[in-house]
S.K.: 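Sharing a structure, written as structure tokens. Questions coming.
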Amino acid sequence: MDWDAFFAVHRDLRREGPGLAEDVAWVGGLIGISPQGQVCDAGCGPGGDLAALRQLVPEGRIDGFEMAPHFVDAARKRFAGDPSVRIFAESMEGLTGPYDLIWSAGAVYFLGVARALNAWRGALSDQGAVAFSHPCLFTDAPSKAALAFWEAEPGGIETELTTRDEIAAVGWRVLAARPLSDAAWAAYYEPIEARCDALEAAGVSEAVAAAIAAARKEASDWRTVARETGYMLYVVRPV
């Protein structure tokens with residue numbers, strides 16, 4: 001992948017994956033997190049969920065972990081005036097905590113469900129929980145297009161039942177789960193499409209034009225397969 005071209009398209013976006021502040025609020029209400037709570041955003045990207053997480057713990061602390069330098073810089077710039085938000089340019093696998101909530105939007109598949117949960121068990125407080133969104137098939141008979149939508153991502157794509165089995169197999173239980181809404185996906189793709197429009201209007205190189213085409217295709221492909229596949233948001237605790 002031409003990363004310079006990729007970041008030409010993705011630079012200055014508020015989100016790098018689907019999601020809404022309402023998703024964060026739902027998790028916070030479910031686990032009853034304290035306003036003084038300690039929260040980790042594992043794979044925080046440019047910080048799209050940090051403001052919503054901050055609302056959960058207005059008297060607490062947020063630690064974001066991210067390895068992509070462009071995203072680290074964006075997140076640090078966005079919260080430069082808030083000493084309660086710290087951004088670490090480190091792997092999300094080496095968390096220490098203790099955290100009352102580990103939030104991970106669309107990033108667990110880089111490690112795999114079992115590996116991530118095993119790594120994070122010791123980073124939770126006594127009543128801590130992990131909330132993560134993860135690719136999922138909504139049907140047992142997906143189309144080729146639905147399967148192809150995830151083929152560039154690490155790991156495989158399975159049904160929710162398979163993911164629940166993975167969670168249980170490493171000694172965790174699901175407190176609740178729900179699919180991300182169409183609005184959550186639109187919150188990601190619509191700003192990308194607007195960015196593509198602006199870049200094309202200004203004129204771009206062949207490499208950036210290819211990155212724009214890839215971004216537009218991904219958005220179009222999602223609209224085609226949205227009833228068959230998407231993200232499930234899981235809230236889990238160790239047994």
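All values derive from a computational prediction rather than experimental measurement.
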S.K.: What's the shortest heavy-atom distance between Glu228 and Ala146, and which atoms?
M.R.: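 The answer is OE1-CB, 3.8 Å.
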S.K.: Rounded to the nearest 0.5 Å, how far does NZ of Lys77 lie from CG of Asp12?
M.R.: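 Nearest 0.5 Å value for the CG-NZ distance: 7.0 Å.
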S.K.: State the OG-CD distance between Ser34 and Gln127, to the nearest 0.5 angstrom.
M.R.: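 Rounded to the nearest 0.5 Å, the OG-CD separation comes out at 12.5 Å.
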S.K.: Which is it for Val130 and Trp172 under the side-chain contact (heavy atoms from CB on, under 4.5 Å) test, yes or no, and what are the steps along the way?
M.R.: CA-CA 10 Å; Val130 170; Trp172 292 64; 3.8 Å; yes
S.K.: Can you check whether Thr159 reaches Met232 side chain to side chain, under 4.5 Å on heavy atoms?
M.R.: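 A side-chain contact under 4.5 Å is absent here.
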S.K.: Could you go through the side-chain contact (heavy atoms from CB on, under 4.5 Å) check for Asp49 and Arg15 one step at a time?
M.R.: CA-CA 8 Å; Asp49 290 319; Arg15 302 198 60 84; 2.9 Å; yes
S.K.: Can you get from Leu180 to Leu30 by hopping between Ile, Leu, Val, Met, Phe, Trp and Tyr side chains that sit under 4.5 Å apart?
M.R.: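 As far as the 4.5 Å side-chain criterion goes, Leu30 and Leu180 are connected within one cluster.
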S.K.: For the pair Phe132 and His134, name the ring-plane relationship: parallel under 30°, tilted 30 to 60°, perpendicular over 60°.
M.R.: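 Phe132 vs His134 ring planes: perpendicular.
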S.K.: Working note: Leu53 + Leu101, criterion side-chain contact (heavy atoms from CB on, under 4.5 Å); need CA distance, chi angles, decisive distance, verdict.
M.R.: CA-CA 10 Å; Leu53 291 168; Leu101 171 64; 4.2 Å; yes
S.K.: To the nearest 0.5 Å, how far apart are CZ in Phe71 and CZ in Arg76?
M.R.: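 If I round to the nearest 0.5 Å, the distance is 14.5 Å.
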S.K.: With side chains defined as the heavy atoms from C-beta onward, is the minimum distance between Ile87 and Leu50 less than 4.5 Å?
M.R.: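 Yes, close enough: below the 4.5 Å cut-off.
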S.K.: Heavy-atom distance under 4.5 Å between the side chains of Pro46 and Glu16, does that happen here?
M.R.: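 Result yes, sub-4.5 Å side-chain heavy-atom pair found.
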S.K.: Distance from His70 atom NE2 to His10 atom NE2, nearest 0.5 Å?
M.R.: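 Between His70 NE2 and His10 NE2, I get 12.0 Å after rounding to 0.5 Å.
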S.K.: Can you tell me which residue among Asn118, Leu117, Leu111 is in a side chain to side chain contact (heavy atoms under 4.5 Å, CB included) with Arg115?
M.R.: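 By the side chain to side chain contact (heavy atoms under 4.5 Å, CB included) criterion, Arg115 pairs with just one of Asn118, Leu117, Leu111: Leu111.
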S.K.: Can you check whether Phe110 reaches Glu93 side chain to side chain, under 4.5 Å on heavy atoms?
M.R.: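 No; the side chains remain at least 4.5 Å from each other.
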S.K.: Show the nearest heavy-atom pair for residues Ala215 and Ile192, with the distance to one decimal.
M.R.: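 Closest pair (atom of Ala215, atom of Ile192, distance): CB-CG2, 3.8 Å.
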S.K.: Is any side-chain heavy atom of Phe79 less than 4.5 Å from a side-chain heavy atom of Ile62?
M.R.: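 Sidechains of Ile62 and Phe79: no contact.
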S.K.: Verify the cluster assignment for Leu233 and Leu137: are they in a single hydrophobic cluster under the rule of side-chain heavy atoms below 4.5 Å apart?
M.R.: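 In one cluster: yes.
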S.K.: List the atom of Ile102, the atom of Ala42, and the distance in Å for their closest heavy-atom pair.
M.R.: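 Of all heavy-atom pairs spanning Ile102 and Ala42, the closest is CG2-CB, 4.2 Å.
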S.K.: Within the structure provided, determine whether Ile31 and Arg237 are in side-chain contact (heavy-atom separation under 4.5 Å).
M.R.: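 Yes, their side chains come closer than 4.5 Å.
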S.K.: Apply salt bridge (Lys or Arg N to Asp or Glu O under 4.0 Å) to Arg216 and Asp197, showing your working.
M.R.: CA-CA 10 Å; Arg216 290 195 186 280; Asp197 291 343; 2.6 Å; yes
S.K.: Sort out for me which residue in Trp103, Trp120, Phe88 forms a ring pair (Phe, Tyr, Trp, His ring centres under 6.0 Å) with Phe65.
M.R.: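 Among Trp103, Trp120, Phe88, the one that satisfies the ring pair (Phe, Tyr, Trp, His ring centres under 6.0 Å) with Phe65 is Phe88.
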S.K.: Rounded to the nearest 0.5 Å, what's the gap from OG on Ser205 to CG on Asp2? Could you check?
M.R.: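 CG of Asp2 is found 7.5 Å from OG of Ser205.
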S.K.: For residues 173-191, pull every pair meeting salt bridge (charged side-chain N to carboxylate O under 4.0 Å, His left out), keeping only residues two or more places apart or in separate chains.
M.R.: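 Salt bridge (charged side-chain N to carboxylate O under 4.0 Å, His left out) check on residues 173-191 returns Asp23-Arg178, Asp182-Arg227.
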S.K.: For Glu59, does the CD atom sit with more than 12 other heavy atoms under 6.0 Å from it, leaving out its own atoms?
M.R.: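 Yes, CD of Glu59 has more than 12 neighbouring heavy atoms, counting only those of other groups under 6.0 Å.
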S.K.: Are Pro238 and Leu124 side-chain neighbours, meaning at least one heavy-atom pair lies under 4.5 Å?
M.R.: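 A side-chain contact under 4.5 Å exists here.
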S.K.: How long is the straight-line distance from OG of Ser104 back to OH of Tyr234, given to the nearest 0.5 Å?
M.R.: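 Output value for this atom pair is 14.0 Å.
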S.K.: Could you walk me through whether Leu13 and Arg195 pass the side-chain contact (heavy atoms from CB on, under 4.5 Å) check?
M.R.: CA-CA 8 Å; Leu13 297 176; Arg195 171 78 171 167; 4.3 Å; yes
S.K.: Hey, any chance Leu161 and Ile167 share a hydrophobic cluster, counting ILVMFWY side chains that come within less than 4.5 Å of each other, even indirectly?
M.R.: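 No; tracing contacts between hydrophobic side chains, which count when under 4.5 Å, never links both residues.
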S.K.: Using the salt bridge (Lys or Arg N to Asp or Glu O under 4.0 Å) criterion, which residues pair with Glu22? Sequence neighbours excluded.
M.R.: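 By the salt bridge (Lys or Arg N to Asp or Glu O under 4.0 Å) rule, Glu22 matches no residue at all.
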S.K.: Report whether Leu20 and Val24 are members of the same hydrophobic cluster (ILVMFWY, side-chain heavy atoms less than 4.5 Å apart, transitive linking).
M.R.: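 Each belongs to a different hydrophobic cluster.
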S.K.: Looking only at atom types and distance, does a side-chain atom of Ser84 sit under 3.5 Å from a main-chain N or O of Arg61, one as donor and one as acceptor?
M.R.: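 It does not hold such a pair.
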S.K.: On a heavy-atom basis, which atom in Leu95 and which in Cys40 lie closest, and how many Å separate them?
M.R.: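 So the two residues come closest at CD1-SG, 3.7 Å.
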S.K.: Compare every heavy atom of Leu56 with every heavy atom of Ala25, then report the nearest pair and how far apart it is.
M.R.: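 Heavy atoms only, the tightest pair is CA-CD2, 4.2 Å.
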S.K.: Do Arg78 side-chain atoms and Gly47 backbone N/O form a donor-acceptor pair below 3.5 Å?
M.R.: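 Yes, because the side chain of Arg78 sits within donor-acceptor range (under 3.5 Å) of the backbone of Gly47.
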S.K.: Please evaluate residues Trp150 and Tyr231 with respect to the criterion ring-ring contact (aromatic ring centres under 6.0 Å, His included), reporting the C-alpha separation (whole Å), side-chain torsions for both, the decisive distance (0.1 Å), and the verdict.
M.R.: CA-CA 11 Å; Trp150 300 105; Tyr231 276 121; 5.6 Å; yes
S.K.: Just say parallel, tilted or perpendicular for the rings of Trp185 and Tyr189, cut-offs at 30° and 60°.
M.R.: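 Parallel, since the angle between the ring planes stays under 30°.
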S.K.: Flag the pair Gln38 / Ser125 as yes when at least one side-chain heavy-atom distance between them is below 4.5 Å, and no otherwise.
M.R.: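 The answer is no, as the side chains (C-beta and beyond) never meet within the 4.5 Å cut-off.
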S.K.: Please name the pair of heavy atoms, one in Cys44 and one in Glu66, separated by the smallest distance, quoted to 0.1 Å.
M.R.: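 Minimum heavy-atom separation between Cys44 and Glu66: N-OE1, 3.5 Å.
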